[in-house]
Trainee: 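Quick one: the structure is below, and I'll ask about it shortly.
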Amino acid sequence: MIIYSVEISLNKNIHDKWLKWMKDKHISDVMSTGLFIEFSFFKNLLSDEKITYTVQYKLKKIEDYQKYQDEFAEKLQNEHNVKFQNQFSAKRKLLEYI
């Protein structure tokens, strides 16, 4: 099992708009690629200056992640970047269950 984890820290002034967009649009767009089997969405309760969330998408195999990167990631990330330009930072990790 593979986890594609995206941690996003955002400015407080965009929080409500960002959260609604993530729930209503972005996460469902990622899931509709058909490559992920489920997701989890977390808010970091210990972040101080910025609000931080993590979305973890589960995949069956590494090849599904590669297909996501090759066919979908650029478009979906660009949509996020344009909508919330200069108001967030993102860290991405690829994890494997041990």
Side-chain angles (χ1 to χ4, degrees):
M1 186 75 58
I2 305 295
I3 302 289
Y4 174 48
S5 180
V6 183
E7 179 182 282
I8 302 167
S9 296
L10 51 125
N11 296 338
K12 291 179 180 179
N13 63 324
I14 66 162
H15 174 262
D16 293 341
K17 181 179 179 182
W18 180 88
L19 186 58
K20 180 173 178 19
W21 184 78
M22 287 295 286
K23 288 180 172 180
D24 294 347
K25 172 122 176 69
H26 185 73
I27 291 173
S28 63
D29 287 349
V30 172
M31 294 303 293
S32 72
T33 65
L35 298 169
F36 300 94
I37 56 175
E38 65 181 72
F39 74 93
S40 299
F41 193 22
F42 305 95
K43 181 179 182 181
N44 182 344
L45 300 177
L46 297 178
S47 55
D48 293 328
E49 294 176 19
K50 293 193 173 198
I51 300 171
T52 302
Y53 286 87
T54 300
V55 185
Q56 293 185 341
Y57 301 98
K58 291 184 182 179
L59 304 113
K60 290 183 181 178
K61 55 191 178 187
I62 194 74
E63 293 82 6
D64 291 338
Y65 170 77
Q66 192 56 55
K67 184 173 182 175
Y68 172 75
Q69 287 299 309
D70 293 344
E71 297 180 20
F72 302 101
E74 184 177 357
K75 177 185 179 285
L76 293 169
Q77 289 171 14
N78 283 341
E79 284 179 2
H80 186 268
N81 293 343
V82 168
K83 189 158 188 71
F84 301 103
Q85 187 174 22
N86 299 321
Q87 300 179 77
F88 75 96
S89 62
K91 296 178 187 175
R92 293 172 177 83
K93 297 176 185 173
L94 192 61
L95 309 167
E96 180 179 29
Y97 278 104
I98 302 298

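This structure is a prediction, so every number in the text was calculated from the model and none was measured.
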Trainee: Kindly determine whether Lys25 and Asp29 satisfy salt bridge (Lys or Arg N to Asp or Glu O under 4.0 Å), including the steps that lead there.
Mentor: CA-CA 6 Å; Lys25 172 122 176 69; Asp29 287 349; 2.5 Å; yes

Trainee: What is the distance from atom OG of Ser9 to atom CG of Asn44, rounded to the nearest 0.5 Å?
Mentor: 8.0 Å

Trainee: Once rounded to the nearest 0.5 Å, what's the spacing between atom CZ of Arg92 and atom CD of Gln69?
Mentor: 8.0 Å

Trainee: If you define the side chain from C-beta out and look only at heavy atoms, does anything of Ile3 sit under 4.5 Å from Lys93?
Mentor: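 Not in contact.
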
Trainee: Please step through side chain to side chain contact (heavy atoms under 4.5 Å, CB included) for the pair Glu74 and Asn78, ending with a clear verdict.
Mentor: CA-CA 6 Å; Glu74 184 177 357; Asn78 283 341; 3.5 Å; yes

Trainee: Do the side chain of Asn11 and the main chain of Asn13 share a donor and acceptor less than 3.5 angstrom apart?
Mentor: no

Trainee: Applying a strict under-4.5 Å side-chain criterion to I, L, V, M, F, W and Y, I'd like to know whether Ile14 and Val55 cluster together.
Mentor: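 Ile14 and Val55: one cluster.
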
Trainee: Any heavy-atom pair between the side chains of Met1 and Ile37 that's under 4.5 Å?
Mentor: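 Yes. Closest side-chain heavy atoms under 4.5 Å.
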
Trainee: Once you measure the plane-to-plane angle for His80 and Trp18, does it fall in the parallel (<30°), tilted (30-60°) or perpendicular (>60°) bin?
Mentor: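 The arrangement is perpendicular - the two ring planes meet at more than 60°.
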
Trainee: Distance alone, cut at 3.5 Å: any donor-acceptor contact between the side chains of Asn81 and Gln85?
Mentor: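 No - no donor-acceptor pair under 3.5 Å links their side chains.
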
Trainee: Got Leu10 and Lys50 here, is their nearest side-chain heavy-atom distance under 4.5 Å?
Mentor: no

Trainee: Taking Met31 as the starting point, is it possible to reach Phe72 by hopping between hydrophobic residues whose side chains are less than 4.5 Å apart?
Mentor: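 Both belong to a single hydrophobic cluster.
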
Trainee: Report the distance from atom CZ of Phe88 to atom CD1 of Ile8, rounding to the nearest 0.5 Å.
Mentor: 7.0 Å

Trainee: With a 4.5 Å heavy-atom cut-off, do Tyr68 and Leu76 have their side chains touching?
Mentor: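 Tyr68 reaches Leu76 side chain to side chain.
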
Trainee: What about Phe41 and Tyr53, are their ring centers closer than 6.0 Å?
Mentor: yes

Trainee: Would you check if His26 and Lys83 make a side-chain contact, meaning some heavy-atom pair closer than 4.5 Å?
Mentor: no

Trainee: From Lys61 NZ over to Gln66 CD, what is the distance, rounded to the nearest 0.5 angstrom?
Mentor: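 Atom-to-atom, Lys61:NZ and Gln66:CD are 13.0 Å apart.
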
Trainee: Within the 4.5 Å heavy-atom criterion, are Tyr97 and Lys58 side-chain neighbours or not?
Mentor: yes

Trainee: If you apply the rule side chain to side chain contact (heavy atoms under 4.5 Å, CB included), what do you find for Lys91 with Val6, and how did you get there?
Mentor: CA-CA 6 Å; Lys91 296 178 187 175; Val6 183; over 6 Å; no

Trainee: For the residue pair Phe39 and Tyr57, categorise the inter-ring angle as parallel (less than 30°), tilted (30 to 60°) or perpendicular (more than 60°).
Mentor: tilted

Trainee: Any side-chain heavy atom of Lys43 sitting closer than 4.5 Å to one from Leu19?
Mentor: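 Heavy-atom side-chain distance check fails, nothing below 4.5 Å.
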
Trainee: Quick check on Lys67: does its NZ atom have over 12 non-hydrogen neighbours (other residues, nucleotides or ligands) under 6.0 Å away?
Mentor: no

Trainee: Between Val30 and Leu94, is there shared hydrophobic-cluster membership here, with clusters defined by ILVMFWY side-chain heavy atoms closer than 4.5 Å?
Mentor: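 Yes, same cluster.
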
Trainee: Distance alone, cut at 3.5 Å: any donor-acceptor contact between the side chains of Lys60 and Tyr65?
Mentor: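 Not at all, the side chains of Lys60 and Tyr65 share no donor-acceptor pair under 3.5 Å.
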
Trainee: Rounded to the nearest 0.5 Å, what separates atom OG in Ser40 from atom CD in Gln56?
Mentor: 6.0 Å

Trainee: At what distance, to the nearest 0.5 angstrom, does CD1 of Ile62 lie from CD1 of Ile2?
Mentor: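 Ile62 CD1 to Ile2 CD1: 4.5 Å, rounded to 0.5 Å.
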
Trainee: Would you say that Phe36 contacts Asp64 through its side chain, given a criterion of any heavy-atom pair below 4.5 Å between the two side chains?
Mentor: no

